[in-house]
Amino acid sequence: MHAHFWLRPRIRRNLFAFARRHDMVVVLSQPGPTRRPDAAVEEFIEGPLAEASELSVPVWLATGVLNSMTAPEFVSDPEKREHHLDGLRTLTEEYDERFPDGRVVLWQEAPISGHWSSEGQVWDEESIRNLQRYGPTIFEEQRRVVKGVNDDIGVGIFPHFTYVVDSKDPEVFEGLVDDLRTRGAFPDFGFVDFYRGNYEPGVGPTGADDAIRSLIGNARMHLDGRDVCYLGQAHTNKTGYTPSKQALRMDLRAARDAGAASIGYYAWFVYQPTDPARSFDPFIPVPEMSDDLRDRMDVTTYTIGRDRFLYAYSLLLGREEGYGADETFDLWLGGSDLDFHDHRLWLETVDGDWEFVGDFNGYVRTDHLYERTRDDHVSVFHALDRERYLAADDGSGAAGADDGGTLTLRIDTRADASAAELRSVSAVPFDPDSYVSEPEAMGLLDDGDAAAFTLGHESMEERLTPGGSSTVRLEVAPSGRTRSLNSVRYPDERETLRRLEALETAGGFDPESVFDLWVVGDGLEATAEPGGDRVALLRDGSTIDAADHSAAASSSAGTAAFHGIDRAPLFDGDRRREPAFSVRFESDDGGDGSVAVAYAMPYFGRGNLVTPERIASLVEADPGGIRNFSLGPVDVE
């Protein structure tokens, strides 16, 4: 997790609590190691390091950017060089006091960050030439200083992705680390980032995945197999690209496939609105915002696109080795007039300690389209540990997956908060493949059938008074005593979900060996079942019934969705990436139907189910985005 929030203490406290709960590392970014205008760097970062240490949250430090001199000046001007190195030494000493076995990440996207050229440009030939010519000396000297403080601190290198990935200039990184090897200053690990929004709008999702695999693979190869840490994109980047749920899922899969040693997401403290022309089906799109809100320090991905940030980490948590869905639960807190971070949530552990979990509501009050349009709101805390927080009903200690237990909450309200009310407390199974956003959670509770999907639910009218404290207890059922959220969200698609679950849980399942087919036309309502009207897939004179060869299918009058079709007989190219078939409507009994357009799409799966109704709305709103996100053109006969 990458943060720059020591100027935002409430957000920092919440991120630290989040990292502690899920055994994550926080990467604190202090790019320049020399004195700031308002304080010495070591004074500036001392508080966050102390707070993280007290919470037992491991921290890595990102620094070493040339913010006060150019690369040639570092080498040729002893006074400027020593000023920089003295600052790095002091900063490392501050860090070493609390994290003596930690990691220091040097450079931060060099040569994009720092003054590598005389004109301060980042894409010109001079900056790249200086990175190649002076970079080894700069890294060697910086590494020497860090290791001089404590040789046990790992020192990593963070180059810009364009100088590592195959499709750009990978020879730059290869030459750089080869030079460092000869100097005896080889990095202990690598750190790379990749914002697929810089790639995906031009090359589609498969091209973006290829870049991720190339980036991580090349970095690992040139670093002799050492750890490579990957920072993905859950935020809206400077181009206005906001990732979709599917992009986040594919990003994680590509990074894991490439062997990333650790994966994280930038909390992103620079507000940027979503550009719909660059973003396909963005999850939690970010709208334009007034200048006063744009400049607020609490307007970040974590507080504007919070669900997108949490979704990315939920996917990651759900795929960690040893993860068991039945060992955790989500906590939903419903209420009215819950302003931003006015209420502190504490949970009592089975040891009798009170542990800070986070402030709620987690969304900044703005005109943001995901912010409440009424006074009610639901805040969600994900993947809470049953054995840590649930006391067994029989008094035997912690509640396991097969045991019911009691959850005890304490809510402290800030003295300067407005009056609010807690309306409900619910325990819900944690499942990244059934993730719902906070507004969606509010809608599910509004439907009045909480018992269908919760492990425990209590309605109440608890006043949260300024400066006051409230205690609530909730009885939580054993895991597995409820229906999945997806079955509640998609009541007409339960058979589709069941079939997709069977596909995905089969041994050796590879999402890239199958694809989804989206078909739009007329008279398609009977094409989801084998026999009768059908969507036919044609290749080399042979015909395949799409429904018969799908893991699952569903249809409406104007749209059909076929999920999990085997690519092998229908695709060409490396790793079966190029659609090589056409589509037409067929009927044995004279049915009147037609196909207007068809899209071969990446496999979305049950965790990101796309219904025919959703396909119809996407085709109407963003046909260009669908074409770009598709696996390639499909002809219609």
Side-chain angles (χ1 to χ4, degrees), residues 245-246 249 281 318 325-326 428-436 440 443-444 447 449-454 479-511 513-537 544-567 570 583 585-589 591 593 595 598-619:
K245 280 187 175 181
Q246 184 67 2
R249 297 169 72 87
D281 194 17
D326 58 351
V428 179
F430 169 66
D431 180 3
D433 286 331
S434 299
Y435 186 97
V436 298
E440 288 176 317
L444 287 172
D447 289 342
D449 193 21
F453 61 86
T454 62
S479 296
R481 298 290 182 89
T482 181
R483 284 163 36 196
S484 75
L485 275 172
N486 275 342
S487 69
V488 177
R489 296 163 69 200
Y490 307 109
D492 298 330
E493 299 281 358
R494 291 177 185 171
E495 180 61 18
T496 295
L497 291 166
R498 186 191 65 78
R499 292 183 179 186
L500 294 182
E501 182 176 14
L503 174 68
E504 294 169 11
T505 54
F509 171 67
D510 177 8
S513 69
V514 296
F515 73 101
D516 289 349
L517 181 67
W518 297 358
V519 181
V520 178
D522 292 308
L524 302 178
E525 60 269 21
T527 60
E529 296 295 333
D533 294 348
R534 57 189 169 271
V535 170
L537 313 182
I544 294 176
D545 184 340
D548 192 42
H549 286 76
S550 302
S554 55
S555 60
S556 64
T559 311
F562 303 95
H563 311 279
I565 306 175
D566 184 9
R567 292 192 192 190
L570 298 164
V583 175
F585 175 85
E586 294 183 349
S587 178
D588 291 334
D589 56 6
V595 174
Y599 303 95
M601 304 296 290
Y603 176 73
F604 278 59
R606 66 189 172 100
N608 188 17
L609 185 66
V610 184
T611 64
E613 293 75 19
R614 180 62 179 154
I615 292 171
S617 65
L618 286 171
V619 169

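Side-chain atoms are counted along with the backbone in the values below, which use heavy atoms only and exclude waters and symmetry mates. What you are looking at is a predicted structure, and each value in this text was computed from that prediction instead of being measured.
In this structure a side-chain-to-backbone donor-acceptor pair under 3.5 Å is missing from D431 to L485. In this structure, R489 contributes its side chain and Y435 its backbone to a donor-acceptor pair below 3.5 Å.
For the atom pair Y490 OH and T611 OG1, the distance stands at 7.0 Å (nearest 0.5 Å). Atom CD of E613 is separated from atom CG of D492 by 8.0 Å, given to the nearest 0.5 angstrom. Once rounded to the nearest 0.5 Å, the distance linking CG of L570 with CG of L537 reads 5.5 Å.
When all heavy atoms of A560 and I615 are compared, the closest pair comes out as O-CD1, 4.3 Å. Of all the heavy atoms in A552 and L500, the pair that sits closest is CB-CD2, 4.0 Å. The two residues E586 and A536 come nearest to each other via the heavy atoms CD-CB, 3.5 Å. Residues F585 and S587 approach most closely at CE2-CB, 3.9 Å, considering heavy atoms.
Among residues two or more places apart in sequence or in another chain, the salt bridge (Lys or Arg N to Asp or Glu O under 4.0 Å) test is passed with D588 by R534. For Y603, the side chain to side chain donor-acceptor pair (under 3.5 Å) test picks out E504, with sequence neighbours left out. Considering only residues two or more places apart in sequence or on other chains, R614 meets the salt bridge (Lys or Arg N to Asp or Glu O under 4.0 Å) condition with D281. Listed by chain and residue number, nothing satisfies the side chain to side chain donor-acceptor pair (under 3.5 Å) test with D447 (two or more places apart in sequence, or in another chain).
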Donor-acceptor pairs are to be reported for all side-chain atoms of residues 514-532 against protein atoms at under 3.5 Å, with residues two or more places apart or in another chain.
unit_1	atom_1	unit_2	atom_2	d
D516	OD1	G564	N	3.0
D516	OD2	F604	N	2.9
T527	OG1	L524	O	2.7

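Applying the side-chain hydrogen bond (donor to acceptor under 3.5 Å, both in side chains) definition to pairs two or more places apart or across chains, those involving residues 545-563 are E493-S554.
Counting heavy atoms from C-beta on, the side chains of L609 and R606 never come closer than 4.5 Å. In this structure the side chain of V619 reaches within 4.5 angstrom of the side chain of Y599, judged on heavy atoms. Contact annotation: the side chain of D433 approaches that of R249 to within less than 4.5 Å [non-hydrogen atoms, C-beta and beyond].
Between D510 and S513, the side chains place no donor N or O within less than 3.5 Å of an acceptor N or O (distance only, hydrogens not considered).
The residues E495 and R498 are annotated as salt-bridged, a charged nitrogen and a carboxylate oxygen being separated by less than 4.0 angstrom.
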